[in-house]
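These figures come from a predicted structure and were not determined experimentally. In what follows, every heavy atom counts, from backbone to side chain, and hydrogens, waters and symmetry copies are set aside.
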Number of protein chains: 2
Amino acid sequence: MNIGDVARQSGVPAKTIRYYEDIGLIRPNRSENGYRAFTENHVHKLAFLGRARALGFTIEDCRTLLSLYEDENRESMQVKAGAEDHLRQIEEKIAKLQSMRATLAELVEKCAGDHRPDCPIIEDLSPERLAK
Amino acid sequence: MNIGDVARQSGVPAKTIRYYEDIGLIRPNRSENGYRAFTENHVHKLAFLGRARALGFTIEDCRTLLSLYEDENRESMQVKAGAEDHLRQIEEKIAKLQSMRATLAELVEKCAGDHRPDCPIIEDLSPERLAK
DNA sequence: CATTGACCCTCCAGTAACTGGAAGCCTCAT
DNA sequence: ATGAGGCTTCCAGTTACTGGAGGGTCAATG
């Protein structure tokens with residue numbers, strides 16, 4: 001199977017597939033003409049990677065997940081531990097973004113948004129009120 | 001004022017200040033010895049930048065905000081529009097992360113996390129259930 | 001006066017995960 | 001044989017810094 005077919009079937013762009021080969025996530029063979037030769041298994045792996053990435057796992061996480069995916073003797077606690085870790089990181093990001101949102105929403109609400117220059121948003125960002 | 005003082009007063013690391021000069025956000029003069037020579041105004045601007053970045057504005061956003069900050073004739077609607085835009089982007093990110101969290105939390109909960117290989121997380125990521 | 005330690009300088013490289021584009025084969029159908 | 005795709009490699013750019021090497025500068029001390 002050529003890269004285009006694999007891209008269509010896995011949902012992972014050809015360019016990204018080449019990149020994944022570069023960094024050693026997948027190892028397709030080569031045909032005589034130099035084209036990458038993929039198998040069904042590669043399609044599965046790439047779809048797996050696509051889903052893991054969509055859940056926000058990093059490439060390094062994916063490397064681990066992929067080896068667990070292939071390991072018949074894996075212990076589910078290994079998978080769970082990684083996922084819990086990742087979950088925690090997601091929650092941290094959410095918390096940070098929510099705090100930004102709160103501040104920003106408040107400022108936006110206070111700003112008249114008219115033709116005058118007075119602006120609570122600029123004022124909040126300005127440091128003049130300090131150090132004097 | 002030298003870069004170290006400015007870094008302490010503004011809260012922006014020296015390395016980052018140099019970077020901001022590189023990309024044209026600030027333009028300190030130079031002393032005879034080649035050291036950057038900063039003014040109070042630079043400290044203000046850098047503190048301003050630090051706050052804007054903490055609210056998640058991109059560097060390009062900051063460039064705009066900084067010019068509005070300096071513009072006595074700005075119209076607050078310009079500031080407000082940018083902030084609203086940014087707010088929307090933050091909300092999108094939050095939504096995406098929350099959806100990841102929901103999926104992941106569900107999977108984590110379903111996973112036994114023991115010594116057996118069976119794992120709902122891996123299964124969810126696997127594409128075998130498709131296309132057959 | 002020489003040295004030491006804290007600053008300062010520039011330039012180079014690396015981070016994460018791709019993405020776009022140029023230049024150039026391969027293949028199949030007309 | 002020619003043209004449209006599809007494939008190849010390699011280079012560069014994205015975001016916003018950060019770390020480090022190699023090397024001047026300055027103020028104070030011995």
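In this structure, A:Asn2 atom CG and D:dC7 atom C1' are separated by 7 Å, rounded to whole Å. The nearest whole Å value for the distance from the CG atom in A:Asp61 to the C1' atom in C:dA16 is 12 Å.
Heavy atoms of A:Arg18 sit under 4.0 angstrom from at least one base atom. In this structure, B:Phe57 reaches neither bases nor backbone, as no heavy-atom distance under 4.0 Å exists between it and the strands shown. Note on B:Ile23: nothing from the nucleic acid sits closer than 4.0 angstrom, heavy atoms only.
For the contact set between residues 32-43 of chain B and DNA chain D, defined by any heavy atom under 4.0 Å, the members are B:Asn33, B:Tyr35.
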For nucleotides 22-24 of chain C, tabulate all protein N/O to nucleotide N/O atom pairs closer than 3.5 Å, reporting atom names and distance.
none

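With salt bridges taken as basic N to acidic carboxylate O contacts below 4.0 Å, one links A:Arg63 and A:Glu60. Between B:Arg36 and B:Glu21 a salt bridge is recorded (basic side-chain N to carboxylate O distance below 4.0 Å).
Panel note: side chain A:His44, backbone A:Thr39; no donor-acceptor pair is recorded below 3.5 Å.
Nearest-nucleotide positions on DNA chain C place B:Asp5 closer to the 5' end than the other of B:Asp5 and A:Pro13.
Looking at the side chain of A:Thr16, the nearest of the listed nucleotides C:dT19, C:dT10, D:dC17 is C:dT19.
For D:dT9, the OP1/OP2 oxygens have a side-chain nitrogen or oxygen of A:Arg30 closer than 4.0 Å.
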